[in-house]
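Only this structure's heavy atoms are used, side chains among them; waters, hydrogens and symmetry mates stay out. Bear in mind that the values here come from a model prediction, so they are computed numbers and not experimental data.
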Amino acid sequence: MGEIKYGFEPVYHKDSKLLILGSFPSVKSRQIDFYYGNKQNKFWKTVCGFFGEEVPAATEDKKQFLYRRKIALWDIVTECEIVGSQDSTIKNFKTADIKKLLQNSQISFIIINGGTAFSIFEKQFADIGVPYIKLPSTSPANTRFSKEEWHNALSRVFGRA
(Lines give C-alpha, C1' and ligand atoms only; values in the text may rest on other atoms or scores of the structure.)
Protein backbone atom coordinates (compact mmCIF):
# COMPACT_ATOMS: atom_id res chain seq x y z
CA MET A 1 0.00 0.00 0.00
CA GLY A 2 1.38 3.41 -1.02
CA GLU A 3 1.43 6.68 0.82
CA ILE A 4 -1.84 8.63 0.88
CA LYS A 5 -1.59 12.10 -0.65
CA TYR A 6 -4.06 14.86 0.16
CA GLY A 7 -5.58 17.45 -2.14
CA PHE A 8 -6.73 20.97 -1.37
CA GLU A 9 -9.82 22.49 0.13
CA PRO A 10 -12.22 23.99 -2.40
CA VAL A 11 -11.91 27.65 -3.29
CA TYR A 12 -15.40 29.06 -3.53
CA HIS A 13 -17.73 31.74 -2.29
CA LYS A 14 -21.47 31.67 -1.63
CA ASP A 15 -21.87 33.64 -4.90
CA SER A 16 -19.85 31.20 -7.03
CA LYS A 17 -21.71 30.39 -10.28
CA LEU A 18 -19.27 27.96 -11.93
CA LEU A 19 -17.44 24.97 -10.50
CA ILE A 20 -14.29 23.79 -12.28
CA LEU A 21 -13.32 20.30 -11.17
CA GLY A 22 -9.91 18.79 -11.79
CA SER A 23 -8.73 15.31 -10.89
CA PHE A 24 -5.99 15.65 -8.23
CA PRO A 25 -3.15 18.15 -7.70
CA SER A 26 0.10 17.50 -9.52
CA VAL A 27 3.41 17.17 -7.70
CA LYS A 28 4.22 20.81 -8.54
CA SER A 29 0.81 21.96 -7.29
CA ARG A 30 1.30 20.06 -4.05
CA GLN A 31 4.72 21.68 -3.65
CA ILE A 32 3.26 25.20 -3.86
CA ASP A 33 0.05 24.13 -2.08
CA PHE A 34 -2.36 25.47 -4.68
CA TYR A 35 -4.21 24.45 -7.82
CA TYR A 36 -2.49 24.24 -11.22
CA GLY A 37 0.98 25.02 -9.93
CA ASN A 38 2.79 23.68 -12.99
CA LYS A 39 3.59 26.74 -15.08
CA GLN A 40 3.18 24.60 -18.21
CA ASN A 41 -0.45 23.81 -17.31
CA LYS A 42 -2.78 25.90 -19.46
CA PHE A 43 -5.47 26.38 -16.79
CA TRP A 44 -4.66 29.85 -15.44
CA LYS A 45 -3.71 31.28 -18.83
CA THR A 46 -6.95 29.99 -20.37
CA VAL A 47 -9.36 31.08 -17.64
CA CYS A 48 -7.73 34.45 -16.95
CA GLY A 49 -7.38 35.01 -20.69
CA PHE A 50 -11.12 34.48 -21.18
CA PHE A 51 -11.72 37.52 -18.95
CA GLY A 52 -8.89 39.50 -20.56
CA GLU A 53 -6.80 39.40 -17.40
CA GLU A 54 -3.17 38.58 -16.73
CA VAL A 55 -2.44 35.49 -14.64
CA PRO A 56 -1.90 36.56 -11.03
CA ALA A 57 1.51 35.55 -9.65
CA ALA A 58 0.58 34.99 -6.01
CA THR A 59 -1.78 32.34 -4.66
CA GLU A 60 -3.85 34.90 -2.74
CA ASP A 61 -4.28 36.96 -5.94
CA LYS A 62 -5.44 33.83 -7.79
CA LYS A 63 -8.01 33.22 -5.05
CA GLN A 64 -9.21 36.82 -5.35
CA PHE A 65 -9.55 36.38 -9.12
CA LEU A 66 -11.70 33.28 -8.56
CA TYR A 67 -13.91 35.03 -5.99
CA ARG A 68 -14.30 38.13 -8.18
CA ARG A 69 -15.19 36.05 -11.22
CA LYS A 70 -17.54 33.77 -9.21
CA ILE A 71 -15.58 30.61 -10.03
CA ALA A 72 -15.27 27.72 -7.60
CA LEU A 73 -12.25 25.44 -7.95
CA TRP A 74 -11.81 21.94 -6.55
CA ASP A 75 -10.64 18.45 -7.44
CA ILE A 76 -12.92 15.42 -7.59
CA VAL A 77 -10.33 13.37 -5.65
CA THR A 78 -9.55 14.71 -2.17
CA GLU A 79 -7.09 12.00 -1.13
CA CYS A 80 -5.53 9.01 -2.84
CA GLU A 81 -2.49 6.96 -3.63
CA ILE A 82 -0.83 8.32 -6.77
CA VAL A 83 2.49 7.90 -8.55
CA GLY A 84 3.91 11.35 -9.30
CA SER A 85 1.28 13.39 -11.14
CA GLN A 86 -0.12 10.54 -13.25
CA ASP A 87 -3.91 10.41 -13.06
CA SER A 88 -3.82 6.87 -14.42
CA THR A 89 -2.22 5.70 -11.15
CA ILE A 90 -4.86 7.15 -8.80
CA LYS A 91 -6.21 4.44 -6.49
CA ASN A 92 -7.78 4.04 -3.05
CA PHE A 93 -9.31 7.48 -3.36
CA LYS A 94 -11.96 9.56 -1.62
CA THR A 95 -14.11 11.96 -3.57
CA ALA A 96 -15.10 15.55 -2.91
CA ASP A 97 -18.45 16.35 -1.33
CA ILE A 98 -19.76 18.13 -4.41
CA LYS A 99 -23.35 18.16 -3.16
CA LYS A 100 -22.37 20.09 -0.03
CA LEU A 101 -20.50 22.65 -2.11
CA LEU A 102 -23.55 23.08 -4.36
CA GLN A 103 -25.77 23.65 -1.32
CA ASN A 104 -23.48 26.45 -0.14
CA SER A 105 -23.14 28.34 -3.44
CA GLN A 106 -25.02 29.48 -6.54
CA ILE A 107 -23.29 27.04 -8.90
CA SER A 108 -25.32 26.49 -12.04
CA PHE A 109 -22.73 24.79 -14.26
CA ILE A 110 -19.76 22.46 -13.79
CA ILE A 111 -16.71 22.20 -16.04
CA ILE A 112 -14.77 18.98 -15.59
CA ASN A 113 -11.10 19.31 -16.49
CA GLY A 114 -10.08 16.10 -18.25
CA GLY A 115 -11.02 12.45 -18.63
CA THR A 116 -10.02 11.08 -15.24
CA ALA A 117 -11.99 13.72 -13.35
CA PHE A 118 -14.95 13.14 -15.66
CA SER A 119 -14.89 9.36 -15.23
CA ILE A 120 -14.84 9.59 -11.43
CA PHE A 121 -17.46 12.36 -11.41
CA GLU A 122 -19.89 10.42 -13.62
CA LYS A 123 -19.68 7.31 -11.44
CA GLN A 124 -20.79 9.21 -8.35
CA PHE A 125 -22.53 12.39 -9.47
CA ALA A 126 -24.17 11.77 -12.87
CA ASP A 127 -27.56 12.64 -11.34
CA ILE A 128 -26.33 15.80 -9.62
CA GLY A 129 -29.01 18.03 -11.15
CA VAL A 130 -26.57 20.68 -12.39
CA PRO A 131 -25.47 20.74 -16.03
CA TYR A 132 -21.87 19.67 -16.56
CA ILE A 133 -19.42 19.23 -19.39
CA LYS A 134 -16.13 17.39 -19.87
CA LEU A 135 -13.41 19.53 -21.39
CA PRO A 136 -9.95 18.60 -22.63
CA SER A 137 -7.44 18.59 -19.80
CA THR A 138 -5.32 21.70 -19.36
CA SER A 139 -2.40 19.43 -18.38
CA PRO A 140 0.85 19.97 -20.29
CA ALA A 141 0.71 16.23 -21.11
CA ASN A 142 -2.51 16.69 -23.12
CA THR A 143 -1.79 17.38 -26.79
CA ARG A 144 -5.51 17.76 -27.61
CA PHE A 145 -6.17 20.82 -25.44
CA SER A 146 -8.56 23.36 -26.97
CA LYS A 147 -8.69 26.92 -25.67
CA GLU A 148 -11.73 27.48 -27.91
CA GLU A 149 -13.69 24.67 -26.21
CA TRP A 150 -12.84 26.13 -22.81
CA HIS A 151 -13.87 29.65 -23.85
CA ASN A 152 -17.14 28.32 -25.31
CA ALA A 153 -17.93 26.55 -22.02
CA LEU A 154 -17.04 29.62 -19.96
CA SER A 155 -19.33 31.66 -22.23
CA ARG A 156 -22.26 29.46 -21.19
CA VAL A 157 -21.99 30.90 -17.69
CA PHE A 158 -20.48 34.35 -18.19
CA GLY A 159 -21.44 35.30 -21.76
CA ARG A 160 -18.70 36.46 -24.06
CA ALA A 161 -16.00 38.19 -22.07
Side-chain angles (χ1 to χ4, degrees), residues 1-38 41-44 46-48 50-51 56 58-139 141-142 149-150 153-158:
M1 187 143 201
E3 178 186 349
I4 296 289
K5 307 274 195 260
Y6 297 91
F8 310 133
E9 292 295 314
V11 176
Y12 75 102
H13 186 272
K14 64 179 176 58
D15 295 329
S16 297
K17 299 192 315 185
L18 169 69
L19 170 60
I20 301 177
L21 269 180
S23 54
F24 190 75
S26 69
V27 170
K28 289 184 180 180
S29 295
R30 294 192 305 265
Q31 287 170 347
I32 68 159
D33 199 31
F34 198 62
Y35 296 93
Y36 303 102
N38 183 336
N41 191 297
K42 299 166 199 82
F43 177 82
W44 288 110
T46 301
V47 176
C48 292
F50 173 80
F51 291 102
T59 294
E60 190 54 41
D61 294 333
K62 288 176 179 169
K63 288 180 183 178
Q64 291 307 313
F65 166 82
L66 295 169
Y67 297 143
R68 186 173 70 255
R69 293 301 182 175
K70 300 183 178 180
I71 297 171
L73 194 55
W74 207 3
D75 287 317
I76 190 69
V77 173
T78 58
E79 63 181 73
C80 67
E81 292 176 42
I82 186 170
V83 176
S85 301
Q86 299 172 23
D87 282 359
S88 62
T89 67
I90 291 173
K91 63 182 181 178
N92 299 324
F93 60 88
K94 291 186 181 175
T95 55
D97 190 347
I98 305 297
K99 291 179 181 178
K100 184 176 180 185
L101 190 143
L102 295 177
Q103 291 168 355
N104 293 302
S105 66
Q106 304 298 315
I107 290 167
S108 60
F109 192 63
I110 301 170
I111 290 176
I112 303 169
N113 189 354
T116 299
F118 185 75
S119 173
I120 295 168
F121 178 87
E122 280 231 304
K123 285 180 183 148
Q124 296 195 20
F125 299 106
D127 62 348
I128 196 117
V130 173
Y132 59 91
I133 187 171
K134 171 188 160 196
L135 290 181
S137 172
T138 58
S139 166
N142 181 22
E149 281 185 66
W150 271 82
L154 291 165
S155 294
R156 290 176 65 172
V157 178
F158 301 108

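In this structure the side chain of Trp74 reaches within 4.5 angstrom of the side chain of Ile98, judged on heavy atoms. Between Asn142 and Thr138, every side-chain heavy-atom pair lies at or beyond the 4.5 Å cut-off. Contact check for Ile71 versus Phe158: side-chain heavy atoms found under the 4.5 Å cut-off. Residues Ile76 and Phe93 are not in side-chain contact: their nearest non-hydrogen atoms beyond the backbone lie 4.5 Å or more apart. Residues Thr59 and Asp33 form no side-chain contact, since every pair of their non-hydrogen atoms from C-beta on lies 4.5 Å or further apart.
To the nearest 0.5 Å, the span separating OG on Ser108 from CG on Leu102 amounts to 10.0 Å. Put simply, CG on Asn113 and NZ on Lys42 are 10.0 Å apart, with the number rounded to the nearest 0.5 Å. Rounding to the nearest 0.5 Å gives a distance of 11.0 Å between CD1 of Ile110 and CZ of Phe118. To the nearest 0.5 Å, atom CG of residue Asp97 and atom CD of residue Gln103 are 7.5 Å apart. Atom-to-atom distance recorded for Ile133:CD1 and Arg156:CZ is 5.0 Å, nearest 0.5 angstrom. Atoms CZ and OH, on Arg30 and Tyr35 in that order, are 13.0 Å from each other to the nearest 0.5 Å.
Residues satisfying the side-chain hydrogen bond (donor to acceptor under 3.5 Å, both in side chains) criterion with Arg68, sequence neighbours excluded, are Glu53.
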Report all side-chain donor-acceptor pairs from residues 14-25 shorter than 3.5 Å, counting only partners two or more places apart or in another chain.
| residue | atom | partner | partner atom | Å |
| --- | --- | --- | --- | --- |
| Ser16 | OG | His13 | N | 2.9 |
| Ser16 | OG | His13 | O | 3.0 |
| Ser23 | OG | Asp87 | OD1 | 3.0 |
| Ser23 | OG | Asp87 | OD2 | 2.8 |

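Salt bridge annotation for Lys5-Glu3: present, with a cationic side-chain nitrogen under 4.0 angstrom from a carboxylate oxygen.
Taking the six-membered ring for Trp and thresholds of 30 and 60 degrees, Trp44 and Phe34 have nearly parallel ring planes, at less than 30 degrees apart.
Between the side chain of Ser119 and the backbone N or O of Gly115, no donor-acceptor pair lies under 3.5 Å. At least one donor-acceptor pair under 3.5 Å links the side chain of Trp150 to the backbone N or O of Pro136. For the pair Asn41 (side chain) and Phe43 (backbone), a donor-acceptor distance under 3.5 Å is present.
Considering every non-hydrogen atom in both Ile4 and Asn92, the closest pair reads CD1-O, 4.3 Å. Closest heavy-atom contact between Ser29 and Phe8: O-CZ, 3.4 Å. Considering all non-hydrogen atoms of both residues, Ile82 and Ser85 come closest at CD1-C, 4.1 Å. Annotation for Ile32 and Gly37: closest pair CD1-CA, 3.5 Å, computed over non-hydrogen atoms. Ser105 approaches Leu101 most closely through the heavy-atom pair OG-O, 2.9 Å. When all heavy atoms of Tyr12 and Ala72 are compared, the pair lying nearest together is CB-CB, 3.5 Å.
Partner of Tyr132 under the ring-ring contact (aromatic ring centres under 6.0 Å, His included) criterion, chosen from Phe121, Phe125, Phe109: Phe121.
Side-chain contact check for Ser26 and Asn38: no donor-acceptor pair (N or O, by modelled atom type) lies under 3.5 Å.
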